Protein chains: 2
Amino acid sequence: MSIAIENFVKAIYKNDKHDTQDTKPGNIAKKLGISNAAATDMAKKLAAKDLLNYEKYQALKLTDKGTKMALNVVRKHRLWEAFLFKMFDMSLHDIHREAELLEHQTSDLLAEKISEYLGHPKFDPHGDPIPNADGEITTEDTSISLSDAIEGKTYTIARLMSDDKEFFDFCAQNQIKYRNTLTVSKQFIANKMTQISIGSNTIVLNEDFTKIIYVDEN
Amino acid sequence: MSIAIENFVKAIYKNDKHDTQDTKPGNIAKKLGISNAAATDMAKKLAAKDLLNYEKYQALKLTDKGTKMALNVVRKHRLWEAFLFKMFDMSLHDIHREAELLEHQTSDLLAEKISEYLGHPKFDPHGDPIPNADGEITTEDTSISLSDAIEGKTYTIARLMSDDKEFFDFCAQNQIKYRNTLTVSKQFIANKMTQISIGSNTIVLNEDFTKIIYVDEN
DNA sequence: ATTATTTTTTAAGTATACTTAAATTTTTTA
DNA sequence: TAAAAAATTTAAGTATACTTAAAAAATAAT
């Protein structure tokens with residue numbers, strides 16, 4: 001299946017999540033930057049391939065097969081975002097753009113290797129769920145902010161909820177990386193500060209930081 | 001420029017390295033798995049784009065612009081191979097197949113990030129040179145086998161010249177990974193053995209291993 | 001409820017990257 | 001060196017993924 005088809009199916013899936021009426025050809029066309037005519041055209045073709053149900057003038061509905069394809073692409077996109085975010089010092093915007101391309105040229109095997117390397121994360125750095133290889137999605141987010149973490153426990157970094165460059169620079173310097181492991185050595189409750197050990201470092205963070213660092217219990 | 005064009009230009013570049021006569025449309029066609037007619041067709045199109053010089057019945061010759069494009073694709077291919085080889089436990093065959101796809105969907109920025117992460121290697125795990133961002137290639141290979149390394153010096157692993165799964169398993173378990181750093185702590189010259197420290201490990205290797213592990217001096 | 005606006009669809013056409021079949025040119029070999 | 005074989009080119013045609021323009025249907029507004 002082509003890149004155009006994958007993107008089409010993905011657009012329907014994402015729009016549908018947002019609003020069922022949002023999957024009419026015109027909305028998909030706008031999202032993909034193609035003409036309405038092209039979207040109608042493609043919809044008919046994909047209906048013939050059993051990827052979606054097409055009825056004139058109606059919203060497009062993915063079939064199970066189409067949903068599975070969309071989830072597979074979304075999985076690869078979010079795994080790439082997570083992986084590149086962990087590996088390289090790049091802006092989230094740049095990372096998104098790379099993932100948008102790489103998602104279509106990634107075998108299931110490589111996706112699995114990336115997932116394995118990251119410890120099979122259930123959410124990407126934005127907090128969006130990563131479907132598993134069978135297309136299953138974890139809906140409830142069990143991540144907690146570091147400010148709510150429990151003394152003595154070990155966690156994996158699930159999200160860094162910020163766009164601030166200074167914050168990311170600080171994180172990079174202190175091994176605070178998506179998917180890294182840390183242990184909460186002390187919660188200074190009165191002072192709203194948290195002491196963590198990460199790699200060979202021990203760091204005390206104030207509330208400004210602990211509120212935007214989300215972690216999963218190990 | 002499309003994937004088809006990138007692959008076409010790359011095929012000419014690689015065939016030309018091997019034999020100048022090897023870049024006639026038919027040979028390129030065979031390499032790409034397309035018909036001779038398609039190759040002639042494409043050759044004319046690319047001549048119009050100033051990527052190659054086309055003369056009827058003659059071998060195809062890349063222009064500077066075409067060579068630059070080919071080198072850029074080759075660079076990305078080899079960087080991906082190097083990167084995936086380092087990061088994941090995958091067969092070289094699988095890695096090649098992934099790189100063949102990813103090479104066309106990789107920005108110059110991401111390529112540079114990968115190169116930086118690997119310490120700007122000049123050769124990939126097969127020993128093929130990795131062009132730099134300007135398309136320059138290092139021709140002479142300065143890597144040496146571990147058996148010829150000098151006591152006390154620190155090296156970066158440049159190649160693992162083997163297809164043997166057991167060897168790779170052993171390497172994986174002992175941090176002997178492409179681009180990792182090691183120090184030669186002792187050469188047991190009489191016994192043809194080499195003691196290295198890599199990460200927190202100390203390993204004594206016999207000649208079977210030191211002859212196929214190639215390193216670059218740091 | 002009728003008109004105006006917007007959206008969707010149909011129809012016709014384009015660029016890319018191929019295909020097969022036949023014609024032409026080159027290369028090989030006897 | 002002339003005929004046979006192989007390669008290249010030309011020509012005609014196909015599938016994909018679009019485009020614009022016009023027609024048809026649905027939605028919104030008065």
Side-chain angles (χ1 to χ4, degrees), chain A residues 1-13 15-16 18-62 65-66 69-70 73 100-101 103-105, chain B residues 1-13 15-16 18-62 65-66 69-70 73 100-101 103-105:
Chain A
M1 298 283 179
S2 70
I3 294 174
I5 292 176
E6 288 189 349
N7 278 332
F8 199 86
V9 160
K10 188 178 83 165
I12 296 171
Y13 175 80
N15 274 22
D16 194 34
H18 182 253
D19 171 6
T20 311
Q21 281 310 100
D22 218 29
T23 63
K24 287 190 177 177
N27 293 316
I28 304 303
K30 195 180 288 171
K31 187 149 194 168
L32 295 175
I34 61 177
S35 68
N36 288 8
T40 300
D41 228 54
M42 184 62 104
K44 285 185 194 169
K45 271 192 233 161
L46 298 198
K49 288 184 198 285
D50 190 34
L51 290 167
L52 53 81
N53 294 122
Y54 174 70
E55 281 183 87
K56 271 192 181 184
Y57 304 107
Q58 301 305 307
L60 306 174
K61 302 291 283 174
L62 292 180
K65 189 177 162 192
M69 178 185 283
V73 178
E100 205 68 17
L101 299 176
E103 65 187 12
H104 305 293
Q105 307 292 352
Chain B
M1 298 283 181
S2 68
I3 294 175
I5 292 175
E6 288 189 349
N7 278 331
F8 199 86
V9 160
K10 188 178 82 163
I12 297 171
Y13 175 80
N15 273 21
D16 193 34
H18 182 251
D19 171 5
T20 310
Q21 281 309 101
D22 218 28
T23 64
K24 287 190 175 176
N27 294 316
I28 303 303
K30 195 179 291 173
K31 188 149 192 168
L32 296 175
I34 60 176
S35 68
N36 288 8
T40 301
D41 227 54
M42 184 61 105
K44 285 185 193 168
K45 271 192 233 159
L46 298 198
K49 287 184 196 286
D50 191 34
L51 290 167
L52 54 81
N53 295 122
Y54 174 70
E55 282 182 87
K56 270 192 181 181
Y57 304 107
Q58 302 305 307
L60 306 174
K61 302 291 283 176
L62 292 179
K65 189 177 161 192
M69 177 185 282
V73 178
E100 205 68 18
L101 299 176
E103 65 187 11
H104 305 294
Q105 307 292 351

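By convention in this document, chain letters (A, B, ...) are assigned in the order of the sequence lines, proteins followed by strands, and residues within each chain are numbered from 1. These figures come from a predicted structure and were not determined experimentally.
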Note: for A/Ile34 and A/Tyr57 on DNA chain D, the residue whose nearest nucleotide lies more 5' is A/Ile34
Residue pair B/Lys56/B/Lys30 against DNA chain D: nearer the 5' end by closest nucleotide is B/Lys30
At under 4.0 Å between heavy atoms, what does [X] touch on the DNA or RNA strands: base, sugar-phosphate, or nothing?
X	answer
B/Phe8	nothing
A/Ala4	sugar-phosphate
B/Lys45	base

Residue-phosphate contact under 4.0 Å: B/Lys24 side-chain N/O, C/dT27 OP1/OP2: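 So the side chain of B/Lys24 is within the cut-off, an N or O lying under 4.0 Å from OP1 or OP2 of C/dT27.
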Kindly say if A/Ser35 contacts the phosphate of D/dT19, meaning a side-chain N or O under 4.0 Å from OP1 or OP2. yes
All N/O donor-acceptor pairs, side-chain side in residues 47-60 of chain B, below 3.5 Å, sequence neighbours left out:
none

When you measure from the side chain of A/Asn36, which nucleotide among C/dA17, D/dA17, C/dT9 comes out closest?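 Selected nucleotide (nearest to the side chain): C/dT9.
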Give the nucleotide from the list C/dA11, C/dT19, C/dA17 with an atom nearest to the side chain of B/Ala37.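 Looking only at heavy atoms from C-beta outward on B/Ala37, the closest nucleotide is C/dT19.
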Let me check I have this right: for DNA chain C, each base becomes ., (, ), [, ] or |, based on Watson-Crick or G-U pairs with both distances under 3.5 Å. What is the full string? ||||||||||||||||||||||||||||||
Earlier contact from the 5' end, DNA chain C, for A/Gln58 and B/Ile3: A/Gln58
Review item, side-chain donor-acceptor pairs of residues 29-44 of chain B, under 3.5 Å, at least two apart:
residue: B/Lys31; atom: NZ; partner: B/Asn15; partner atom: OD1; Å: 2.9
residue: B/Ser35; atom: OG; partner: B/Ala38; partner atom: N; Å: 3.1
residue: B/Thr40; atom: OG1; partner: B/Asn36; partner atom: O; Å: 3.3

